[in-house]
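What follows is a short report on a single structure.
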Amino acid sequence: VHSWVAGHLPHEPKNDADYGDVLSFYEHLRDKCHEEEKDLFFVMNGDFIDGTGLTTNPPTRLIPILQQMPWDAVNIGNHELYKNSTIEFVTKPNGFVDSWGGRYLTTNVLLHETGSPIGERYRFVYAPFSDKTILTFGFLFDFERSCRMTEVQKVEEVVQSQWFQSVLMP
């Protein structure tokens with residue numbers, strides 16, 4: 001799910017939805033997949049800060065809704081990186097990032113002050129029916145307009161780094 005949910009009105013009304021629609025669709029699809037013993041993964045690809053009527057800065061109204069969604073992985077989007085106040089809010093101790101228990105992925109997005117990733121760099125997701133393990137990353141494109149609190153590393157540099165190579169070839 002690209003989280004620009006409800007952001008298509010008025011110019012694309014056929015593509016409009018809200019988080020209730022997204023959750024309902026997921027639950028129906030999950031039930032069908034369980035009946036057929038097929039795997040399903042529910043991933044949020046960021047950009048929640050824009051596109052909904054609940055968007056504020058910081059995102060105090062939207063975060064409680066997002067935290068109720070059963071995402072397998074959550075990725076940061078460039079829209080979350082425009083303002084320091086958003087980063088300060090989502091990275092508070094026991095806040096949004098921490099609430100995902102390692103499912104919030106920021107492979108190449110770092111806190112400028114510490115040089116550490118905002119979330120986890122990667123995660124293993126387990127498929128219940130096929131018994132497969134999927135290595136999941138949370139890359140953001142080479143974004144150059146982030147707020148001063150963050151730094152987006154170039155994808156081509158990250159994939160050459162020692163930590164990345166060691167994850168691929170343990």
Any donor-acceptor pair under 3.5 Å from [X] side chain to [Y] backbone:
X: Arg103; Y: Trp71; answer: yes
X: Asp142; Y: Val155; answer: yes
X: Glu27; Y: Ser24; answer: no
X: Glu151; Y: Gly115; answer: no

[Y] side chain reached by [X] side chain, heavy atoms, under 4.5 Å:
X: Val22; Y: Met69; result: yes
X: Thr107; Y: Trp163; result: yes
X: Val74; Y: Leu66; result: no
X: Arg121; Y: Leu110; result: yes

(request) Report the relative orientation of the aromatic rings in Tyr26 and Phe42; use parallel for angles under 30°, tilted for 30 to 60°, perpendicular for over 60°. (result)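 Ring orientation, 0 to 90° scale: parallel.
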(request) Please determine which of Phe139, Phe141, Phe164 meets the side chain to side chain contact (heavy atoms under 4.5 Å, CB included) test together with Asn108. (result)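 Testing Asn108 for a side chain to side chain contact (heavy atoms under 4.5 Å, CB included) against Phe139, Phe141, Phe164 leaves exactly one candidate, Phe139.
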(request) Mind listing the closest non-hydrogen atom pair of Thr106 and Gly119 along with its distance? (result)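 Result for this residue pair: OG1-N, 2.7 Å.
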(request) First locate atom CG of Asp72, then atom CG of Leu40, and finally report the distance between them rounded to the nearest 0.5 Å. (result)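 Output value for this atom pair is 7.5 Å.
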(message) Ring centroids only, cut at 6.0 angstrom: are Tyr82 and Phe143 within range, meaning strictly under it?
(response)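 Yes, they do, as the ring centres are separated by less than 6.0 Å.
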(message) Using a strict threshold of under 4.0 Å (side-chain N to carboxylate O), is an ion pair present between Arg148 and Glu113?
(response)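 The answer is no: the pair does not qualify as a salt bridge.
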(request) Check the hydrophobic clustering (I, L, V, M, F, W, Y; side-chain heavy atoms under 4.5 Å; chains of links allowed) and say if Ile134 and Met169 are grouped together. (result)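 Shared cluster, no.
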